[in-house]
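The structure under discussion appears below in the form of structure tokens.
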Amino acid sequence: MTRRTLLSAFFAKNKPYGLAYSFKGFPNWPLEKSFALCAELGYSGVELFVGAKQPHEPSKLGVDEVRRLVSKHKLPVQTLMEDLRLTGE
């Protein structure tokens, strides 16, 4: 599939495909702001970016808050990216 085909399908009225945006693109934004912008731009889901020394550390990430934002913005969390450093750097 070419990029043009994918983009035209994404912007079609009856979207056969959906696109999610990774919150890695918003490294220091609060979740509310990240969800709101993705919803405004028309994405169909999001990828949470979590990890130690990241704004959204798993131990500090509230499941209830994420569920509330998913419901409010109608954007499911489609993937989870963990910033896992295998080299210790």
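Numbers here simply count residues along the sequence, with the first being 1. Heavy-atom basis, side chains included; hydrogens, waters and symmetry copies ignored.
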### Task
Ignoring hydrogens and angles, state whether a donor on the side chain of His73 or Glu32 is under 3.5 Å from an acceptor on the partner side chain.
yes

### Query
Side chains of Phe23 and Val50: closer than 4.5 Å at any heavy-atom pair?
no

### Query
Around Arg68, counting heavy atoms of other residues, nucleotides and ligands shown, do more than 12 lie under 6.0 Å from its CZ?
yes

### Residue list, side chain to side chain donor-acceptor pair (under 3.5 Å) with Gln78, at least two apart or on another chain
none

### Message
Between Leu80 and Val63, is there shared hydrophobic-cluster membership here, with clusters defined by ILVMFWY side-chain heavy atoms closer than 4.5 Å?
### Response
no

### Message
Measuring only between side-chain heavy atoms, which start at C-beta, is Phe26 closer than 4.5 Å to Leu37?
### Response
yes

### Query
Can you name the residues that form a side chain to side chain donor-acceptor pair (under 3.5 Å) with Lys33, not counting sequence neighbours?
none

### Task
Report the distance from atom OG of Ser34 to atom OH of Tyr21, rounding to the nearest 0.5 Å.
9.5 Å

### Summary
Closest heavy-atom pair, Ser44 versus Leu75, reported as atoms and distance to 0.1 Å, is C-CD2, 3.7 Å

